[in-house]
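What follows is a short report on a single structure.
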Amino acid sequence: MLCSIPVSGPSESGSSGGKDKAKKLGRYNIIGLDPSKQFLLHIATGAEIEKDARISKRILHAVGQMEMRSDLMDAHMYAFKRSVLQEVLDVKDTFQSLKEDVLPYLVRSQLKSEALLNRTPQGEENGNEKVSSQNNQAFISRILANASTPSFHGIYSKNPDGSSSTRKTHKCCVYIASSSSYCVRLNSIQAFMDINRDVTGDADHLLSPNNIIGPSPKLGTKTTVGPNCRLGEGSEMGDKCQVKRSIIGRHCRIGSHVKVVNSVVMNHVTIGDGCIIQGSVICSNVQLQERVELKDCQVGAGFVVTAGSEYKAESLAKKEK
């Protein structure tokens, strides 16, 4: 599945955001699609696109033209016919990654007929091949004659002499999510923060309006919950608290004079009086004692932050025994 590259707003989460922003620069893809936009014909990612792009002549001969896109990303969602995946892994038992190994292999191999796989010399892979077999010459001529047809994959179900092939060539189809869909990859802390902000902001249609402020919350006097926030069911807040652009989970207990900004607080969290939390992720069952200040931090589940502590750009978690 391919989707549009998300347009993320400026990060407000300090050091972790900076690291993830650097990673985002290498996430762009150069993607080649057939004229019908049904098949993935070429994909280059990360450092690959900083080099000269090389397109196999075989692909261009087979499809006649190819649409190159840089506004799409691999959503890392794949659907395989089980027998095809097993066949690939039987042939390539060293493969470790669907993204890095299996997908590129399928993209490269889908335009090879069984005859070409068996007879083509090694130079074929880089597009500089010299085909000596008369049968292969005839087969390539037939490819050229069928160039630019949306159903070009259909010709690969037969051998060069027109007989039925014992094995159909692999096909690498694509599904492109519509621009109106919400499709992002959650693979970093910054992405997690961005998604949480999205679903309470521009993508708030993904949530029921009744869930923006959960049922039966208890708010103290002069406590304010700003726009683009979500307060979970059964949570309680003391007096004179401020919540801005943040999500508070279910059954949290928050004291008085607490400020939560650009943060995600998960379920069953206890926050003492006078705490200030900015740009941070607080996991479930965490206890923040009084007057704790956190900025750009991640606090692991069940961790206890002692009273009066101040942390900036830290990851706090229980030590494994």
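Note that the numbering runs from 1 along the sequence shown for the chain. Predicted, not measured: the structure shown is a model, and the values here were computed from it.
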At what distance, to the nearest 0.5 angstrom, does [atom1] of [X] lie from [atom2] of [Y]?
X    : Y    : atom1 : atom2 : answer
I43  : D74  : CD1   : CG    : 5.0 Å
L41  : I31  : CG    : CD1   : 11.0 Å
F192 : L186 : CZ    : CG    : 7.0 Å

Practice item. Report yes or no: do D239 and T221 form a side-chain donor-acceptor pair below 3.5 Å? Key: yes
Review point. Do you see a donor-acceptor pair shorter than 3.5 Å between the side chains of R245 and N262?
Key: yes
**Study point:** E293 bridged to K295 by N-O distance under 4.0 Å
**Key:** no
Revision key, fill the gap. Residue set satisfying ring pair (Phe, Tyr, Trp, His ring centres under 6.0 Å) with H76, at least two apart, ordered chain then number -> none
Please name the pair of heavy atoms, one in [X] and one in [Y], separated by the smallest distance, quoted to 0.1 Å.
X    : Y    : result
P104 : K99  : CD-O, 3.2 Å
V184 : M73  : CA-CE, 4.1 Å
K240 : T223 : N-OG1, 3.3 Å

Check your understanding: What residues form a salt bridge (charged side-chain N to carboxylate O under 4.0 Å, His left out) with R250, not counting sequence neighbours?
Key -> none
Review point. With D198, which residues qualify under salt bridge (charged side-chain N to carboxylate O under 4.0 Å, His left out), at least two apart?
Key: none
**Study point:** Side-chain donor/acceptor of S280 to backbone N/O of Q298, under 3.5 Å
**Key:** no
Exercise for review: Answer yes or no: is there a donor N or O on one side and an acceptor on the other, between the side chain of N267 and the main chain of S284, under 3.5 Å?
Suggested key: no
Study note, to complete from the structure: Paired with I277, the side-chain contact (heavy atoms from CB on, under 4.5 Å) test is passed by just one of V261, V299, L288, namely L288
